[in-house]
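Note that ligands are numbered from 1 as they come in the structure, with each ligand's atoms numbered from 1 the same way. Values in this document were obtained by computation on a predicted structure and should not be read as measured data.
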Amino acid sequence: MMDSKTMLLPTCGFYFLLLFLRVAYGDISYSFPEEMKRGSVVGNVAKDLGLDRGALSNRRARIDTDGTEKRHCDINLNNGELIVADRIDREGLCGEKASCILKHELVLENPLELHRINLHILDINDNSPQFKEDLINIEIRESADRGARFVIEEAHDADVGQNSVQQYSLQNNDNFILAADGNTIELVLEKELDREKQEEINLLLTALDGGSPQRSGTVVIHVTVLDANDNAPVFSQAVYKASLPENSPVYTVVVTVSASDADEGVNGDVTYEFGHVTDDVKKIFSIDRKVGEIRVVGIVDYETTTSFEIRVKAKDGLGLSSYAKVIISITDVNDNAPVVSLKSLTNPIPEDTPPGTEVGIINVQDRDSETNRQVRCSIQQNVPFKLVPSIKNYYSLVTTGQLDRELESDYNITIIATDEGSPPLSSSKTVQLSVADINDNPPVFEEQSYSADVTENNKPGSTLCSVTARDPDWRQNGTVIYSLLPGEVNGAPVSSYLSVNGDTGVIHAVRLFDYEQFRSFKVHVTARDNGSPPLSSNVSVSVFVSDVNDNSPQILYPAPEGNSFMTELVPKAAHGGSLVSKVIAVDADSGQNAWLSYHIVKSTDPGLFTIGLHSGEIRTQRDISESDSMKQNLIVSVKDNGQPSLSATCSMYLLISDNLAEVPELKDISYEEKNSKLTSYLIIALVSVSTFFLTFIIIILGVRFCRRRKPRLLFDGAVAIPSAYLPPNYADVDGTGTLRSAYNYDAYLTTGSRTSDFKFVSSYNDNTLPADQTLRKSPSDFAEVFGDCDGSPEVGTCYI
Ligand SMILES: *[C@@H]1O[C@H](CO)[C@@H](O)[C@H](O)[C@H]1NC(C)=O
Ligand SMILES: *[C@@H]1O[C@H](CO)[C@@H](O)[C@H](O)[C@H]1NC(C)=O
Ligand SMILES: *[C@@H]1O[C@H](CO)[C@@H](O)[C@H](O)[C@H]1NC(C)=O
C-alpha cells in the first residue's frame with residue numbers, strides 16, 4: 001500500500017491511468033483538478049475495488065473523513081461513482097504545498113471494510129501574480145552609481161508550480177534594468193540619474209506566471225530622484241567689469257555678482273566670498289555673502305592701484321564652488337595737488353651772477369593722471385627769476401636780471417603749481433635764496449670833502465674832525481679802513497701833520513700848527529674796504545688854521561732898538577709936514593692881530609715930529625728952525641690890535657743936516673753902538689741916503705708932474721710902494737693866491753729904505769720864512785702862548 005502511495009504522480013494528466021491501476025490494490029487514489037463542479041465524477045470506487053454494485057448499498061458504504069475534515073466527495077451508492085460534493089479550492093486547502101492530497105475513507109459494514117481514498121487535488125491556474133501594493137516608492141539619490149541595486153518586493157501568485165510567478169518584465173526606461181535572481185528582483189541602475197533633468201520616474205513592473213492562459217500582475221515603481229550636490233554654482237558672467245571713481249564713499253556698491261546653482265535646498269544655496277585676494281583688497285572691498293554685492297569699505301586710491309582683479313567664489317551649501325573674475329577699474333579724480341620739490345639750489349648765489357644763470361632745478365609731480373596731472377608752474381612777478389621748462393616736469397630757476405645784494409639780499413621765491421583738473425588743485429613752494437656778497441661797492445664818504453677849523457698852537461693829538469665812509473657790502477667787504485694818502489705838505493710828509501684812526505676815521509693833529517707858517521692845507525684820506533681786491537675812495541680834508549695873536553709886531557725898519565744906529569738925514573729946509581722917514585713893521589699874525597699902530601713914545605723934541613698912526617710915516621710937524629738940535633732921537637712903539645696886543649719898539653735917529661759930512665759924531669755913534677758891524681752899516685747908510693735922495697728927486701719930479709696934471713698922488717713927496725713888492729703869499733699855504741680880507745699888510749717903505757725892502761720881499765716869496773729870521777719862534781715860545789690861551793678855541797671844528 002505504501003508503495004502505491006509513493007508512486008502517485010504529483011501531477012495530473014499524463015499519469016492518470018497509472019493512478020487507477022495502483023488504487024486497485026487496496027487504497028485508491030484519485031487525481032483531479034480543483035474547482036470541479038459539484039457532482040462531477042471523480043472515479044468509480046466500486047469498480048476500482050471490485051465490488052458489486054449492490055453490495056455498496058448493502059454494506060452501507062459511506063465516505064468518511066479523518067477527524068473533522070470537511071467531506072469534499074460523496075459516493076453514489078447506486079453505481080459506485082465518487083462525485084464532488086463540495087467546492088475544492090486547492091489554494092484554500094493546501095496553500096502553497098506542492099501536492100495537495102485530501103484523505104477520505106470508504107467505510108463498508110458487514111463485514112467492516114475500510115478503504116483509504118486519497119484525493120490528489122491538482123492545481124489549475126486560477127490566480128494571477130500579485131504585488132503587495134499597487135505602488136512602490138523608491139527614493140534614489142542622483143549621485144547613486146551605475147550598477148547600484150534596489151530590491152523590489154516580488155509578486156506573489158497563489159498558484160503553484162508553473163502557475164506561480166515565472167518571470168518579470170520592466171517597462172522600457174532610460175535608467176534601470178531588472179535583475180531577477182530566484183525570488184529576489186532588483187532594479188539595477190544602468191545610467192546615472194540626474195535630478196535636475198528628471199526628478200521622478202514611474203516604472204511599470206509586470207510579473208507573469210507560467211500558466212496557460214498566462215496571468216500577470218503589475219506594480220508601479222515610483223522612483224523619486226533625490227538631489228545630490230552635483231551642481232556647482234554658475235556665475236552669470238565669467239568676468240564682471242566695473243569702473244569706480246577713486247575716493248568713492250564707503251558702502252558704495254561696485255558690482256553685484258550672481259551665481260545660480262541647479263541643486264536644491266542646501267545644495268543650491270549659494271554664498272559668495274572672495275577667492276584668494278590680498279589683504280589690501282580685503283581692506284578696500286567686501287562682498288555680501290548672500291547677495292553678492294561688492295561694496296567699498298576702505299579708501300580707493302587711484303594713485304595706489306588703478307585696477308583690481310578679484311576672484312569671487314560662489315559656494316553652495318555642501319561646498320561645491322566656482323569662480324568668476326571681477327575687474328574693477330578705478331577712475332582718476334583730481335585729488336592730488338601737484339607737489340613742487342626743489343631738486344637742487346645754488347644758495348647763496350653771488351650777486352654778480354649774470355642774468356640767465358640757472359640757480360636751481362625744480363621738479364613738479366602730480367600723482368593724478370591725464371589732464372589731472374597736467375601742471376602749469378608759475379613764479380611770482382616781482383623777483384628777478386623765472387622758470388624755464390626743462391625736460392619733462394623739470395624746470396630751471398633762472399635769473400632774469402642783475403642781482404644786487406645791497407638792494408635785496410634775500411628772495412622768497414614762491415613757485416605755484418596748478419593742475420588742469422576740474423576743479424584744479426594747486427600748491428606752492430617757497431624757495432629761500434640769499435645773495436652772497438661781492439665786493440662791488442667802494443666805500444663812499446658821506447661828504448664830498450671835509451674841512452676842519454683849528455686854531456693855531458693846538459695841542460698835538462687833539463681831534464680835528466672825523467670822516468665817515470659807508471660801504472654797503474657785507475662783512476669784510478664792507479669794513480672800512482681809513483688811512484692818509486701819502487703826500488707832502490710844505491715838503492714834510494702829511495703823516496707828520498695829521499693822523500687818522502683807521503677804524504673810526506677820526507683825524508688827529510700830530511703836531512701843533514702855526515698859522516703864520518701855513519693857514520690851511522689839504523690832505524687826502526682814503527677809505528678802503530677789506531675785500532679782496534679792496535676798493536677805495538678818496539676824500540680831501542682841508543684844514544684851516546685860524547690865527548692867534550702870538551706874534552709881536554716885527555719892526556723891519558729901522559732895526560730894532562739896540563741893534564741899530566740907523567740915521568735919517570732931514571734937510572734943514574724941510575717944511576712942516578714933510579715926510580722924513582717911515583717905520584716899517586710887520587706882524588706875522590693876521591687881521592686884527594696884524595693891524596699895527598705906531599706911536600712915538602719918546603722924542604728929543606716932542607713938537608717936531610709926528611708919526612702916522614697906521615702908516616708909520618714920520619713927518620715934520622713944523623718947519624725946521626736953526627735952533628733945533630741937530631740930532632733928534634725918536635722911540636717908536638708899534639702895537640698890534642690883538643687881544644692882548646703885542647708891541648715892539650725901536651729908536652730912530654734923525655740928523656738935521658744937509659750934508660752927511662757935517663756929522664762927525666756919526667762914526668762915534670756907530671762905534672758906540674756896534675763896532676764890529678760898522679763898515680756894513682756905513683755902507684747901508686750910504687746906500688740909504690743916496691737912495692733916499694734919488695727917491696726924493698723922483699718924488700719932486702713926480703709932484704711937479706702931478707700938479708700939472710692932477711689929481712695928486714697919495715702923499716706929498718712920499719713914495720707909494722707898489723703892491724707887487726708886498727709879500728702876497730705870506731703864510732698863505734692854501735695856494736689860492738688871494739689874500740683874505742683881514743689880511744691887510746701895511747708895508748709902506750720910505751724912499752730911504754727901498755733897497756733893504758727889496759731884499760726882504762724876495763725872501764718872503766718862498767711861502768715860509770727863512771730859517772734865520774726872528775719871526776720863527778721856538779717851541780718853548782709856543783708852549784707859553786698855549787698855556788696863556790688855555791680854554792681858547794684852539795681846536796678847529798669841522799664844518800660842512
Ligand atoms: C622770507 O621768508 C622768511 C620766513 O618766512 C622770512 O623770515 C623772511 O623775512 C622772508 N624774506 C623776504 C625777503 O620776504
Ligand atoms: C667779499 O667779496 C668777495 C668777492 O669780491 C667774495 O668772494 C667774498 O665771499 C665776500 N665776502 C663776504 C663775507 O661776503
Ligand atoms: C686816490 O688817490 C690815489 C693817489 O692819488 C690814487 O692812486 C687812487 O687811484 C685814488 N683813488 C680813487 C678811488 O680815486
Anything under 3.5 Å between an N or O on ligand 1 and a protein N or O? List each pair with its distance, or write none.
from	atom 1	to	atom 2	distance (Å)
ligand 1	2 (O)	N412	OD1	3.4
ligand 1	2 (O)	N412	ND2	2.3
ligand 1	11 (N)	N412	ND2	2.9
ligand 1	14 (O)	N412	ND2	3.2

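Both the backbone and the side chain of I438 come within 4.0 Å of ligand 2, judged by heavy-atom distances.
If you number the atoms of ligand 2 from 1 as listed, the ones under 4.0 Å from a heavy atom of R475 come out as 13 (C). Listed by number with element, the atoms of ligand 3 under 4.0 Å from a non-hydrogen atom of S537 are 13 (C). When each atom of ligand 3 is checked for a heavy atom of N538 under 4.0 Å away, the hits are 1 (C), 2 (O), 3 (C), 8 (C), 10 (C), 11 (N), 12 (C), 14 (O). If you number the atoms of ligand 3 from 1 as listed, the ones under 4.0 Å from a heavy atom of S536 come out as 13 (C). Close contacts between ligand 2 and N477 involve ligand atoms 1 (C), 2 (O), 3 (C), 8 (C), 10 (C), 11 (N), 12 (C), 14 (O) [criterion: under 4.0 Å to a heavy atom].
The closest side-chain heavy-atom distance from L387 to I415 is below 4.5 Å.
The two residues S532 and N477 make their nearest non-hydrogen contact at N-OD1, 4.4 Å.
Residue pairs satisfying the salt bridge (charged side-chain N to carboxylate O under 4.0 Å, His left out) criterion with at least one member in residues 356-368, sequence neighbours excluded, are absent.
Polar contact check, N439 against ligand 2: a nitrogen or oxygen pair lies under 3.5 Å apart. An N or O contact shorter than 3.5 Å is missing between W474 and ligand 2 by distance.
In terms of modelled atom types and a separation under 3.5 Å, the side chain of E246 and the main chain of Y302 share a donor-acceptor contact.
Tested against V545, the residues V454, N458, N457 include a single side-chain contact (heavy atoms from CB on, under 4.5 Å) partner, V454.
With ring centers used as reference points, F521 lies 6.0 Å or more from F544.
Remark: R528 fails to qualify as a cation-pi partner of Y482 under the 6.0 Å distance and 45° angle criteria applied to the six-membered ring.
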Contacts under 3.5 angstrom, residues 420-430 side chains, donor-acceptor by atom type, not counting sequence neighbours:
from	atom 1	to	atom 2	distance (Å)
E420	OE2	R376	NE	3.4
S427	OG	P338	O	2.4

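Partners of F385 according to the ring pair (Phe, Tyr, Trp, His ring centres under 6.0 Å) rule, which considers only residues two or more places apart in sequence or in another chain, are Y411.
Every heavy atom of T526 sits 4.0 Å or more from the atoms of ligand 3.
The aromatic rings of F445 and Y450 sit perpendicular to each other, their planes meeting at more than 60°, with 30° as the lower class boundary.
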